[in-house]
Amino acid sequence: AVDLVGGHPELASSAQAVALASRAYLEVVRSRSTSGDLAGARELVDAGRAFAPRDVGLAEAQARGSAAQGRDEDALASWAEASSFAPEDAGLARAHAMALSRLGRPAEALPILERLAGRSPDDAPLAALAAATALAAGDSGAARRHAERAMELGYPLPESLLSRIPKEE
């Protein structure tokens with residue numbers, strides 16, 4: 001617990017309490033979501049975020065709940081926040097990029113996906129996603145590069161995507 005609070009043992013019990021409370025909120029949120037009570041889950045997530053505003057799990061739960069309720073702008077804000085709390089979490093970054101793409105903002109999603117692709121060069125589905133996102137962003141060079149990488153890794157790209165990527169000049 002001392003590690004959680006930067007070496008300050010006097011804060012350890014407080015940090016432990018916040019972490020335990022955050023986990024408890026998440027368990028109840030999952031239970032409510034599973035039972036179909038999305039409004040109740042949202043209220044709990046909002047309360048949990050007020051209590052522990054920098055909790056990654058609660059921010060992710062808020063993003064997922066917002067997306068499930070069709071509140072895409074709210075989901076995007078929560079994905080962005082969650083990924084800022086855990087910048088090395090590839091899943092959060094990918095979800096953030098997907099939220100941007102869903103909102104018609106592929107040019108903002110592309111740098112996130114390219115950063116991920118640089119860290120995971122053997123992730124064929126990620127290369128394919130980056131290719132489609134680059135194409136939607138109007139970056140045919142990046143689309144071609146990512147599509148070639150996906151195919152090198154044996155990932156079958158649909159002809160509907162390949163046919164829209166301009167050939168190299």
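Atom set for the values below is all heavy atoms of this structure, side chains included, hydrogens, waters and symmetry mates excluded. On a predicted model such as this, the values are computed, not experimentally measured, just so you know.
- Looking only at side-chain heavy atoms (C-beta outward), His146 and Thr133 stay at 4.5 Å or farther from each other.
- For the residue pair Ala59 and Ser78, the shortest heavy atom distance occurs at O-CB, 3.7 Å.
- Each of Leu110, Leu162, Ile165 was scored for a side-chain contact (heavy atoms from CB on, under 4.5 Å) with Leu135, with one residue passing: Ile165.
- Here Ser120 contributes atom OG and Leu113 contributes atom CG; the two are 11.5 Å apart, rounded to the nearest 0.5 Å.
- Closest of all the heavy-atom pairs between Pro87 and Arg115 is O-NH1, 3.8 Å.
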Arg149 and Glu152: salt bridge (Lys or Arg N to Asp or Glu O under 4.0 Å), yes or no, with the steps? CA-CA 5 Å; Arg149 182 64 186 148; Glu152 285 171 11; 3.0 Å; yes

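- Inter-residue side-chain proximity for Met98 and Leu129 is flagged as met; some heavy-atom pair is nearer than 4.5 Å.
- Between Val56 and Ala86, the shortest heavy-atom distance links the atoms CG2-CB, 4.1 Å.
- Closest non-hydrogen pair, Ala147 versus Ala131, comes out as N-CB, 3.5 Å.
- With hydrogens and angles ignored, the 3.5 Å screen pairs no side-chain donor or acceptor of Arg49 with any backbone N or O of Leu58.
- Arg145 contributes atom CZ, which lies 7.0 Å from atom CG of Asp139 (distance to the nearest 0.5 angstrom).
- In this structure, the side chains of Arg42 and Val29 stay at 4.5 Å or more apart for every pair of heavy atoms.
- Looking only at distances, a side-chain donor or acceptor of Ser83 sits under 3.5 Å from a matching main-chain atom of Ala80.
- When every heavy atom of Ser66 is checked against every heavy atom of Asp74, the shortest pair comes out as OG-CB, 3.7 Å.
- Listed for the Ser33 side chain is no donor-acceptor partner under 3.5 Å among the backbone atoms of Arg30.
- Under 4.0 Å is where a charged nitrogen must lie from a carboxylate oxygen, and between Glu27 and Arg23 no such pair does.
- One hydrophobic cluster, built from ILVMFWY side chains closer than 4.5 Å, holds both Phe51 and Val28.
- Nearest heavy atom pair, residue Asp123 against residue Pro125, reads OD1-CD, 3.2 Å.
- Using a 4.5 Å cut-off between side-chain heavy atoms of Ile, Leu, Val, Met, Phe, Trp and Tyr, with links allowed through other members, Leu116 and Leu92 fall into different hydrophobic clusters.
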Next item on the list: May I have the step-by-step check of side chain to side chain contact (heavy atoms under 4.5 Å, CB included) for Glu108 and Leu103, ending in yes or no?
Entry: CA-CA 10 Å; Glu108 293 172 65; Leu103 288 169; over 6 Å; no

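- Inter-residue side-chain proximity for Arg94 and Trp79 is flagged as unmet; no heavy-atom pair is nearer than 4.5 Å.
- Atom NE2 of His96 is separated from atom CD of Glu81 by 11.0 Å, given to the nearest 0.5 angstrom.
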